[in-house]
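Since the model is a prediction, treat every value here as computed from it, not as a measurement. In what follows, residues are counted from 1 in the order of the sequence shown.
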Amino acid sequence: MKKLLIFSLAALMGTMTFTSCGDDKTGPDNPDPDPGSTIVDDTKYKDKSYGNNAIDACANVVTQFENANNVIAQASLTTEQENYLYQVLQNLVKNVIVPTYTDLADDVEDLEKTLNGLTVNTITQTQINKACEDFKAARLNWERSEAFLMGAASDFDVDPTIDSWPLNRSLLLNYFNNGMSDEMLDDATILGFHALEFILFRNGQPRKVAELQSNDTYKGFEKISGAKELAYAQTICTLLKQRCYQLQVAWEGETAANASRVAVVKAAGLDYVTENGLNYGENLIGAGKDNKSTFKTLKAAIAQVLSNDEGSCVAIANEVGTAKIANPFSAGDISYVESPYSYNSITDFQDNIRSIRNVWFGSTNGSAASNSFNGFFASVNQANVNTNVVNAFNTAISNIGSMPAPFVKYCSTIWGIEFIDDEDWDVEE
C-alpha cells in the first residue's frame, strides 16, 4: 500500500504565481518549566555536558516507556481494565491524533494561502514574516505528531516524503540551474518542510524581501533568483498540503466536515485507508475486536503506541537522542542538524518529546485526561510508573531546552566545523 506519487511539476507550477513564505507562533497551552533555549555566551557552546544530558534524558524516556508497556504486557488484565485501555485508545485518537493532524492540515493550508497570495514584485517583509509564522505553526504540529508515526504516516511514506533531511542542496541547485523532471519530484531530499525552510529562512530569520526580489546570497546559489525559489516553494507547499490532508483523513475517516479535503486526497491519488478498508482510528480502536484490524490483540496495539521499534513513543525518543541530537553533536555530522536554516532545532526536539507527553496524558494541553495511560496506571495503583514516566519526559524537555541555541552553532563549535562546509556537494550548472 506504500506509494510515493510522482506529480507533474508543470501542471502544478502552471497554476501559480510567484510568492513568498516565514516566524514563530505559540502552540497549545504549554506548562513546561523550560519552554526553550536562548542564545547565550560562547563559553556555553563549548560545554558538552548540555548535549550529553539531553541524550541521557531521551534514553531514560525510552527506558520508562518500555517499562510501562511491560507492566501492561505481563499483566492479567481484568475485563474492567481492558475496557479502560480501550477508552484510552479511543481518547488518544479523538483528542490527540485527529486534532493534531487537523491542526497540521489547517496550518499548511494557511501557509499555502500566504504563498499563493503574493507575487515577487509586490511582496513585503511583513508578508514574508507571516509565511514564516505559518511555517513554524505547521512545524510545531508535525513535530508533535511524531510519537504516533505508526499507521498512515508510515504506511503511505508520508514521513520521509515531507520531513527528510539533510536537504540535498546540490540536487536543488541542479534543478534551479537546469530544470526539474517529474521524476526528480520523487526524491524526498528536496521536498517538504526542509526545502521550504531553506527558501524561507536564513540564519534563524525570515529571508529579506530584497533578496527574494533579486538573487540568493547563499553559497553556491548566488545565480539563483528569489522568484524561481518562491515558485518552487509554492509547488512543494501544495504537495505538503495534500500529504497533511491525507494524514487527517486517514485517521479521522470520511466525514461531512472534511469532505473537501477527502476530495483533494482522492484527486491526488493518495491512499487513506488500511489494506482492510478501515480508517486508522478504527484500526487502532478495533484492536482485538474487529477482525479487520491489523492489531490482533489489545496489548499489540498498546505496544505499538508505547514501545515498538517504529512509530511509537519509544521510537521517537530514541531517534531524538541517538540520531537527531547525537549524530551532529556526538559524531560530528554537522550536516545532519535538523532545521538548521530556521534555527528551530531545539524546539523541534522538544516538540517531539511533547508528542510523547500528549500520548501519555491523552491531551494536547499538558494536563492528564482521565482516559489516558496516566489515568490507567493511577487506577491500578501503579503510581511509580506514572512518576517515572512523567519525570522522564519533563526532564528530557528541560534538558533539551538547556542546550545552547542555535543547535547548529553548538555542534559547529564543539567540532570546529561550519555547517555550510560540512556537506560534500558539487555545484552543477
Quiz item: Will you find, in the side chains of Asn129 and Gln125, an N or O donor that is under 3.5 Å from an N or O acceptor?
Solution: yes
Exercise. Could you check if a side-chain atom of Asn352 sits within less than 4.5 angstrom of a side-chain atom of Ile356, using non-hydrogen atoms only?
Key: no
Practice problem: Mind checking the CD-CG spacing from Gln90 to Leu284? Nearest 0.5 Å is all I need. | Solution: 10.0 Å
Quiz item: Any side-chain heavy atom of Phe193 sitting closer than 4.5 Å to one from Trp165?
Solution: no
Practice problem: For a side-chain contact (heavy atoms from CB on, under 4.5 Å) with Leu172, tell me which candidate from Ile224, Leu191, Leu167 qualifies. | Solution: Leu167
Self-check item: Any Arg169 side-chain heavy atom under 4.5 Å of Tyr218 side chain
Solution: yes
Quiz item: Any side-chain heavy-atom pair from Asn384 and Gln382 closer than 4.5 angstrom?
Solution: yes
Quiz item: Any side-chain heavy-atom pair from Arg207 and Asp216 closer than 4.5 angstrom?
Solution: yes
Self-check item: Backbone of Lys46 reached by a side-chain donor or acceptor of Thr413 within 3.5 Å
Solution: no
Quiz prompt | Salt bridge present between Glu282 and Lys292 (N-O < 4.0 angstrom) | solution = no
Practice problem: Could you tell me whether Arg261 and Asp106 have a side-chain N and a carboxylate O separated by less than 4.0 Å? | Solution: yes
Quiz item: Could you walk me through whether Phe148 and Val96 pass the side chain to side chain contact (heavy atoms under 4.5 Å, CB included) check?
Solution: CA-CA 10 Å; Phe148 39 89; Val96 178; 3.9 Å; yes
Quiz item: What residues form a side-chain contact (heavy atoms from CB on, under 4.5 Å) with Asn91, not counting sequence neighbours?
Solution: Asn95, Ala369, Asn371
Exercise. Report the distance from atom CD1 of Ile397 to atom OG of Ser402, rounding to the nearest 0.5 Å.
Key: 12.0 Å
Quiz item: Does Asp47 pair with Lys44 as a salt bridge, N-O distance under 4.0 Å?
Solution: no
Quiz item: Using a distance-only test with no angle check, is there a side-chain donor-acceptor pair under 3.5 angstrom linking Asn258 and Gln248?
Solution: no
Exercise. Work out which heavy atom in Val337 is nearest to a heavy atom in Pro328; give both atom names and the distance.
Key: CG2-CB, 3.6 Å
Exercise. Would you confirm whether Thr297, through its side chain, and Ala300, through its main-chain N or O, come within 3.5 Å as a donor-acceptor pair?
Key: yes
Quiz item: Side chains of Thr189 and Asp187: do they bring a donor and an acceptor to under 3.5 Å?
Solution: yes
Quiz item: Say you draw a straight line from CG of Leu89 to OH of Tyr84; how long is it, rounded to the nearest 0.5 Å?
Solution: 12.0 Å
Practice problem: For Val320 and Ile400, run side chain to side chain contact (heavy atoms under 4.5 Å, CB included): C-alpha distance rounded to whole Å, both residues' side-chain angles, the deciding distance at 0.1 Å, then the answer. | Solution: CA-CA 10 Å; Val320 172; Ile400 291 169; 4.1 Å; yes
Quiz item: Can you find a side-chain donor-acceptor pair between Asp134 and Thr114 that sits under 3.5 Å?
Solution: yes
Practice problem: Using a strict cut-off of less than 4.0 Å between a Lys/Arg side-chain nitrogen and an Asp/Glu carboxylate oxygen, indicate whether Asp163 and Arg139 qualify as a salt bridge. | Solution: yes
Quiz item: Roughly how far, to the nearest 0.5 Å, is CG of Asn358 from CG of Leu92?
Solution: 9.5 Å
Self-check item: Leu173 side chain reached by Phe221 side chain, heavy atoms, under 4.5 Å
Solution: yes
Quiz item: Under 3.5 Å, is there a donor-acceptor pair between the Ser355 and Glu143 side chains?
Solution: no
Quiz item: Is a side-chain donor-acceptor pair under 3.5 Å present for Glu252 with Tyr101?
Solution: no
Quiz item: Any side-chain heavy-atom pair from Ser154 and Glu310 closer than 4.5 angstrom?
Solution: no
Quiz item: Once you round to the nearest 0.5 Å, how far does CE of Met403 lie from NZ of Lys48?
Solution: 15.0 Å
Self-check item: Polar contact flag, side-chain donor to acceptor under 3.5 angstrom, Asn168-Ser170
Solution: yes
Quiz item: Could Asp42 and Lys409 be called an ion pair, given the rule that one side-chain N must be under 4.0 Å from one carboxylate O?
Solution: yes
Quiz item: Among side-chain atoms of Thr294 and Asn283, is any donor-acceptor pair under 3.5 angstrom?
Solution: yes
Quiz item: In terms of ring plane angle, is the pair Tyr232 and Tyr175 parallel, tilted or perpendicular, where the classes change at 30° and 60°?
Solution: tilted
Quiz item: Which pairs count as side chain to side chain donor-acceptor pair (under 3.5 Å) when at least one residue sits in residues 52-61, sequence neighbours excluded?
Solution: Asn60-Gln64
Quiz item: Are any of the side-chain nitrogens in Lys289 or Glu82 under 4.0 Å away from the carboxylate oxygens of its partner?
Solution: no
Quiz item: With sequence neighbours left out, which residue pairs that include part of residues 54-79 fulfil the ring pair (Phe, Tyr, Trp, His ring centres under 6.0 Å) condition?
Solution: Phe65-Trp360
Practice problem: Report the C-alpha separation of Gln205 and Tyr343 in whole Å, then their side-chain angles, then the decisive distance to 0.1 Å, and conclude whether the side-chain hydrogen bond (donor to acceptor under 3.5 Å, both in side chains) test is met. | Solution: CA-CA 8 Å; Gln205 298 297 320; Tyr343 289 177; over 6 Å; no
Exercise. Would you verify whether the NZ or CZ of Arg202 falls within 45 degrees of the ring axis of Phe198 while also being under 6.0 Å from that six-membered ring's centre?
Key: yes
Quiz item: Between Phe419 and Tyr341, is the gap from one ring center to the other below 6.0 Å?
Solution: yes
Without placing hydrogens or testing angles, list every side-chain donor-acceptor pair under 3.5 Å for residues 311-318, not counting sequence neighbours.
{"unit_1": "Ser312", "atom_1": "OG", "unit_2": "Asn308", "atom_2": "N", "d": "3.3"}
{"unit_1": "Ser312", "atom_1": "OG", "unit_2": "Asn308", "atom_2": "O", "d": "2.5"}
{"unit_1": "Ser312", "atom_1": "OG", "unit_2": "Val314", "atom_2": "N", "d": "3.3"}
{"unit_1": "Ser312", "atom_1": "OG", "unit_2": "Ala315", "atom_2": "N", "d": "3.1"}

Quiz prompt | Side chains of Asn141 and Thr100, donor plus acceptor under 3.5 Å | solution = no
Quiz item: Counting distance only, does the side-chain N/O of Ser398 pair as donor-acceptor with the main-chain N or O of Thr395 below 3.5 Å?
Solution: no
Exercise. Taking side-chain contact (heavy atoms from CB on, under 4.5 Å) as the test, write out the residues that go with Ile55, two or more places apart.
Key: Ile325, Ala326, Phe329, Ser330
Quiz item: When you look at Ser335 and Asp333, which way does the side-chain hydrogen bond (donor to acceptor under 3.5 Å, both in side chains) test go after all the steps?
Solution: CA-CA 5 Å; Ser335 68; Asp333 184 1; 2.7 Å; yes
Self-check item: Pair Glu146 + Lys324: basic N to acidic O under 4.0 Å
Solution: yes
Quiz item: Should Phe407 and Asp348 be marked as a side chain to side chain contact (heavy atoms under 4.5 Å, CB included) after you check the CA-CA gap, both sets of side-chain angles, and the distance that decides it?
Solution: CA-CA 11 Å; Phe407 183 67; Asp348 282 356; over 6 Å; no
Exercise. Verify the distance criterion only: is there a donor paired with an acceptor across the side chains of Asn69 and Glu66 at less than 3.5 Å?
Key: no
Exercise. Just do the side chain to side chain contact (heavy atoms under 4.5 Å, CB included) check on Phe156 and Arg243 with the steps written out, would you?
Key: CA-CA 9 Å; Phe156 305 135; Arg243 288 301 201 147; 4.1 Å; yes
Exercise. Check the side chains of Ser372 and Asn374 for a donor-acceptor pair under 3.5 angstrom, ignoring hydrogens and angles.
Key: no
Exercise. Using a strict cut-off of less than 4.0 Å between a Lys/Arg side-chain nitrogen and an Asp/Glu carboxylate oxygen, indicate whether Lys241 and Asp110 qualify as a salt bridge.
Key: no
Quiz prompt | Minimum side-chain heavy-atom gap Tyr280-Leu247 below 4.5 Å | solution = no
Quiz prompt | ring-ring contact (aromatic ring centres under 6.0 Å, His included) involving Tyr245 - partner list, sequence neighbours excluded | solution = none
Quiz item: Do you see a donor-acceptor pair shorter than 3.5 Å between the side chains of Thr217 and Glu211?
Solution: yes
